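Each remark here refers to the structure printed beneath this line.
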Amino acid sequence: MTIALALTLLLAAPAAAATPVPAPASDVAFRRLSESEYAWRKTLNGPDEDAPASQRATLPDVGPAAQAAMLKRWTETMAALDRIDPAKLSAGARDDYVVYRGQIDALLAEQRFREYEKPLNADTSFWMNVGGMARDDYRDEAALRRYLSQLSSLPRYYDQQIANMRAGLKRGFTPPKVTLQGRDAGVAEIVQAGAGEGSPFYAPFKTLPATIPAARQAALRAEARRVIAGAVVPAHRTLQAFLRDEYFPGSRTALAAYDLPDGHAYYRSKVREFVTRDLTPEQIHDIGVREVAKIRARMQIVMKQVKWQRDLPAFLNFLRTDPQFYAKTPQELLNRAAWIAKTFDGKAATYFGRLPRMRFAIKPVAPDIAPFYTSGRGGPGIYLVNTYDLPSRGLYSLPALTLHESAPGHAFQMPFAMELTDLPEYRRDEYISAFGEGWALYCEALGEDMGMYETPYETFGMLSYQMWRAARLVVDTGVHAKGWTREEAQAFLRDNTALSTHEITTEVDRYIAWPGQALSYYMGELAFLDAKAKAQKALGDKFDIRAFHDAMLSLGSVPLPMIDQRTDRFIADKGKGPYPLP
């Protein structure tokens, strides 16, 4: 046989099937541990404002036995993680290990500090999340019956929450009293609405899918009225009495997390959870002070552009009070938000290679929570705009708010993560605040590169929002670690941002009642900004912003040090992203 013939036959022969390389034993052990725990963890989930209606037939069990089971499971899980040497894991499993261990660390800390005894703050509460179920879309009879089953379990669920709150009240583990004023308005609304068709919980039954026969529609509506009368209203009446007669009057008067039981360790655990870096409150406070000074200098430049002759406080007052900067009607505010969101759509392909498939709706914040709610909030499929108190909703800040909450912020990043089917579920569906909020704040700054700010006032609005988040580093640590008063915290925001007086009041109360969460935003943004600057410097002309953004978003939701590591890999790969660019 000639060499040529031999080569021909060899090339024509079918290729031998590649022998799969078995995963390292440590990978197998880790996957078994994490997948088992996460499957169990998902069974615990209740209603959440950022998620669609729960698929559970009842609301979650938050009683003593369930809390003990969670403590036991996560203690055992952490011990099992300690027995796994990350150095023996494959590269992919090692990344998953870091993300997963951080989640377990935060969950275990919450159980050890009995966070469940404080299931509310000035911003959110368990009854708000339950109320959100009434605003979900129920597309078939099975979903509506699950909803009714969940409503039937309300008395048990609220009784468990009340028992937990009583335990927190007894040991002084509550939000500060000053931050709770009026927060029971949503509960009172349900009681006052009664059991008829005027109840917010009846809303899903007003217009039912045509696929449900008329007789069953009538039966569903009758069952809804029965459940609302027999379960929903009594549960809210009991909760209302507890809040007004016991909880609000008995809540602590001190503001600082340091003043809570084991407060120093508790606040450090929240810093670790929400920053995901090994930093002290004092270090974060100092970072905030430095960043506030930098942003203030940029503000001065914009003031010169509009030929402002007076000082910063006078300019801030001008922005807060001049009618040109405010919508006249709620619909005008919503329309402007929609215009901004659509403007980004026209720029998306220039800055992102891969786009998520999910679209989002723009809706007003529900009236019962709007007085205490933030200016806007976004997530999968939704961008909520707060149309309450229009003189507090500056149009100059709306482009930054929209980029943060809709696309390319929360309503973009979260669906993007959900589509990453090559990652474990806990990297796709769980939310690490430092990553998610840091990304959304980075998107506000990116708006300047994208040309989203059409006037100097809108650029100043973006800077004011940047200042707002940098100031959070100062205010959160100032209140919880340095003994600042509520008035000192309000004054710091008033002197450095263009936020309205109403927003300053609600925001400061949010930081006081929710220790550490406010640190996520700016610390996360710094990670993305530093990563981009490092990659641009290293790659020069080879840097492609689309590939960089794809590389960051393809992480899912991760602790901040993993952004640093992914940037180094991006540079080593000569700026090649995870997906082919168009």
Side-chain angles (χ1 to χ4, degrees), residues 48-50 101-125 168 172-176 178-180 252 254-289 291-292 374 377 430-441 468-486 488-489 492-493 506-527 557-561:
D48 182 89
E49 65 176 352
D50 291 329
R101 187 184 179 97
Q103 292 182 12
I104 298 300
D105 181 71
L107 291 166
L108 185 53
E110 287 187 349
Q111 289 306 110
R112 286 173 172 168
F113 287 108
R114 308 204 314 258
E115 189 81 56
Y116 56 86
E117 293 180 356
K118 185 165 61 72
L120 75 160
N121 55 53
D123 183 76
T124 54
S125 64
F173 190 69
T174 72
V178 71
T179 68
L180 298 176
R252 68 190 181 103
L255 305 183
Y258 273 11
D259 293 327
L260 288 166
D262 201 11
H264 284 65
Y266 172 73
Y267 187 54
R268 286 195 298 272
S269 78
K270 304 317 286 184
V271 171
R272 184 168 61 252
E273 174 185 350
F274 287 115
V275 176
T276 69
R277 292 195 191 276
D278 188 18
L279 295 169
T280 66
E282 291 73 22
Q283 289 173 314
I284 293 172
H285 189 91
D286 291 343
I287 291 171
V289 170
E291 292 300 317
V292 163
T374 57
R377 191 157 294 176
E430 295 299 312
Y431 187 74
I432 295 178
S433 191
F435 186 94
E437 299 298 347
W439 170 261
L441 185 53
W468 173 23
R469 278 44 165 264
R472 286 177 178 181
L473 304 182
V474 182
V475 170
D476 195 286
T477 54
V479 168
H480 294 299
K482 293 180 175 292
W484 281 24
T485 65
R486 184 172 180 245
E488 286 177 303
F492 193 85
L493 286 185
T506 58
E507 287 298 313
V508 167
D509 286 350
R510 173 186 168 193
Y511 313 149
I512 292 171
W514 198 356
Q517 193 271 346
L519 306 177
S520 301
Y521 300 72
Y522 205 83
M523 295 304 298
E525 183 190 26
L526 287 176
S557 189
V558 300
L560 298 185

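Fair warning: this is a prediction, and the values are worked out from it, not measured in the lab.
Across Ala513 and Thr179, no two heavy atoms sit closer than the pair CB-OG1, 3.6 Å. The heavy-atom pair separating Ala109 from Ser269 by the smallest distance is CB-CB, 4.3 Å.
Pairs engaging residues 259-268 under the salt bridge (charged side-chain N to carboxylate O under 4.0 Å, His left out) rule: none recorded [sequence neighbours left out].
Qualifying salt bridge (Lys or Arg N to Asp or Glu O under 4.0 Å) partners for Glu507, counting only residues two or more places apart in sequence or in other chains: Arg472, Arg510. With sequence neighbours left out, Glu291 forms a salt bridge (Lys or Arg N to Asp or Glu O under 4.0 Å) with Lys294. Qualifying salt bridge (Lys or Arg N to Asp or Glu O under 4.0 Å) partners for Glu115, counting only residues two or more places apart in sequence or in other chains: Lys118, Lys270. For Tyr267, the ring-ring contact (aromatic ring centres under 6.0 Å, His included) partners at least two apart in sequence or on another chain are Tyr258, His480. Considering only residues two or more places apart in sequence or on other chains, Tyr521 meets the ring-ring contact (aromatic ring centres under 6.0 Å, His included) condition with none of them.
No side-chain heavy atom of Asp476 sits under 4.5 Å from any side-chain heavy atom of Gln517. Side chains of Val508 and Trp484 form no contact here, defined as non-hydrogen atoms less than 4.5 Å apart. Annotation: side chain of Leu473 is not in contact with side chain of Val292 (no heavy-atom distance under 4.5 Å). At a threshold of 4.5 Å between non-hydrogen side-chain atoms, the residues Tyr266 and Arg114 do not count as touching. Looking only at side-chain heavy atoms (C-beta outward), Glu437 and Arg469 stay at 4.5 Å or farther from each other. Looking at heavy atoms from C-beta onward, Met523 lies in side-chain contact with Ile287 at the 4.5 angstrom threshold.
A distance of 8.5 Å separates CG in Leu441 from CG in Leu526, rounded to the nearest 0.5 Å. To the nearest 0.5 Å, atoms CD1 (Ile284) and OH (Tyr522) are separated by 14.0 Å. Between atom CG of residue Leu255 and atom CD1 of residue Ile512 there is a gap of 5.0 Å, rounded to the nearest 0.5 Å. Between the CZ atom of Arg272 and the CG atom of Asp105 there is a distance of 4.5 Å, given to the nearest 0.5 Å.
A donor-acceptor pair under 3.5 Å links the side-chain atoms of Ser557 to the main chain of Ile432, judged by distance alone. Here the side chain of Thr174 pairs a donor or acceptor atom with the backbone of Arg252 at under 3.5 angstrom.
Shown are Lys482, His285, Glu282; of these, the side chain to side chain donor-acceptor pair (under 3.5 Å) with Thr477 is made only by His285. For the side chain to side chain contact (heavy atoms under 4.5 Å, CB included) test with Tyr511, the passing option among Leu519, Asp123, Val479, Leu493 is Leu493; the others fail.
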